[in-house]
Amino acid sequence: MTINATQSANIANAIENWFSTAARDLPWRNEDTPWGRLLSELMAQQTQIDRVAEKWTEMIIRFPTPLSMAESEEQDVLLLWQGLGYYRRARYLKEASEQICREYGGEVPQTVEELLTLRGVGKYTAGAVASIAYNARKPIVDGNVHRVVCRLQNQGDYSVNDKWTWKMASQLVDHCDTPSKLNEGLMELGATVCTPKKPKCEECPVHSMCSAFQNGTQLEVPKPKAAPQKQKEFHYAVLFKKQNKIALEHRAGKGLWAGMWQVPTIESSKKLTKKEIGSHFDVKQHLEKLGTFKHTLTHKMIEFHVYECSEYKKQLDWYDTATLHEFPFANAQKKVLSFKSLS
DNA sequence: AACTCGGGGTG
DNA sequence: CACCCAGAGTT
């Protein structure tokens with residue numbers, strides 16, 4: 001199923017006009033540069049825009065240019081990324097800044113093809129930077145655009161795939177006036193009007209051309225994705241303190257909480273006894289429980305058990321508690337640290 | 001094609 | 001509680 005040129009132009013123009021009056025006041029729209037846009041797009045992957053806005057300003061102040069980030073330490077990028085999640089993105093961003101300096105003379109490249117060579121930049125982000133920062137006539141499809149075009153065409157099949165959605169987005173951008181406005185407007189519409197649960201169809205600039213609206217199927221289109229089942233895990237975190245120092249570990253560069261720091265923690269698929277925990281750290285006693293909490297991720301439900309220990313035989317790396325703010329922690333480990341006053 | 005990567009907002 | 005979010009990389 002496709003739409004013709006006239007329909008595409010009508011829809012695109014209506015969205016562009018709506019966007020010119022309804023655009024939210026977001027920081028990267030006021031201080032609009034390709035580097036700022038690349039930053040915002042990478043931070044916004046799978047992350048709601050309101051949560052990105054606050055952090056973006058800190059990021060652009062600390063790293064105003066690709067070079068400033070390329071010359072910094074990865075840890076400095078992770079520090080500003082704390083709480084945003086998907087920490088691999090921060091490591092990729094650092095890599096991308098180095099690529100930009102090494103291969104593109106310090107300027108964010110302009111074409112989709114070049115942008116795709118950057119670490120962490122896929123089809124969506126490449127199209128977004130090319131079209132929004134440089135006004136290239138290239139389509140983009142994110143979760144918002146997917147929902148908007150599915151509803152426009154009342155496309156509620158499970159079989160609807162990326163290819164179909166990208167073709168729809170292509171037809172719209174091919175017949176719009178200003179690609180940057182159309183693409184950003186499509187996403188804005190999905191984020192603020194054509195929302196998943198309670199769409200505000202009466203406010204929508206294209207409801208008269210929306211097949212789902214005409215059929216009253218807005219809430220059935222598109223079909224929801226199957227939620228991954230949550231695996232239960234048990235993490236045992238131990239606060240080892242020695243005067244004004246605390247033991248910390250640096251997590252691996254891949255996997256969960258990549259590159260972040262933590263207090264010594266055991267990860268297990270089943271419950272462990274106090275004896276097993278003590279055995280792991282080679283301490284026989286002085287292991288005192290401080291509490292537990294649940295930490296839920298998209299595909300995991302983790303039960304955290306927090307201990308403190310005044311005995312230490314295992315090789316541990318000690319750091320001054322006064323420098324804790326220099327280490328990036330994911331939220332779960334921030335909760336762990338909050339169980340004890342460390343100042 | 002299915003998994004793995006966070007954490008919070010929303011209904 | 002389920003579902004979603006300006007997705008990308010790996011297997």
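Each chain gets a letter, A, B and so on, in the order its sequence line appears, and its residues count up from 1.
Mapped onto DNA chain B by nearest heavy atom, A:P228 and A:F329 fall at different nucleotides, with A:P228 at the one closer to the 5' end.
Taking atom P on both nucleotides, B:dG11 is separated from C:dA6 by 14 Å, rounded to a whole Å. A distance of about 15 Å separates the C1' atoms of B:dG6 and C:dC3, rounded to the whole Å.
No chain of hydrophobic side-chain contacts below 4.5 Å, direct or via other Ile, Leu, Val, Met, Phe, Trp or Tyr residues, connects A:F213 to A:I3.
Atom P of nucleotide B:dG6 and atom NZ of A:K294 are separated by 21 Å, given to the nearest angstrom. Taking atom CZ on A:R251 and atom P on B:dC5, their separation rounds to 9 Å, with Å as the unit. Between A:K334 atom NZ and B:dG7 atom P there is a gap of 11 Å when expressed in whole angstrom units. Between A:Q82 atom CD and B:dG7 atom P the separation is 11 Å, expressed in whole Å. Regarding A:D162, its CG atom lies at a distance of 12 Å from the P atom of B:dA2, rounded to whole Å. Separating the NZ atom of A:K55 from the P atom of B:dG8 is a distance of 10 Å, rounded to the nearest angstrom. Per the geometry, CG belonging to A:L256 stands 12 Å off C1' belonging to B:dG7, to the nearest Å. For the pair A:L78 CG and B:dG7 P, the computed distance is 13 Å after rounding to whole Å.
Salt bridge status for A:E311 with A:K284: absent, with no side-chain N to carboxylate O gap under 4.0 Å.
Residue A:T265 forms a side-chain hydrogen bond (donor to acceptor under 3.5 Å, both in side chains) with just one option from A:E249, A:H235, A:Q333, and that option is A:Q333.
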Exercise for review: Heavy atoms under 4.0 Å is the rule here; annotate nucleotides 6-11 of chain C 5' to 3' with B where the base is hit, S where only the sugar-phosphate is, and - elsewhere.
Suggested key: BBBSS-
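Applying the 4.0 Å criterion to OP1 and OP2 of B:dG7, one finds that A:W257 has a side-chain N or O inside that range. Side-chain nitrogen and oxygen atoms of A:H295 include none within less than 4.0 Å of the OP1 or OP2 phosphate oxygen of B:dG6.
For the atom pair A:K232 NZ and A:K294 NZ, the distance stands at 5.5 Å (nearest 0.5 Å). To the nearest 0.5 Å, atoms CZ (A:R89) and CZ (A:R119) are separated by 14.5 Å.
Geometrically, A:K242 engages A:W318 in a cation-pi contact, judged by NZ or CZ lying under 6.0 Å from the ring centre and within 45° of the ring axis.
At least one side-chain heavy atom of A:W81 sits less than 4.5 Å from a side-chain heavy atom of A:M43.
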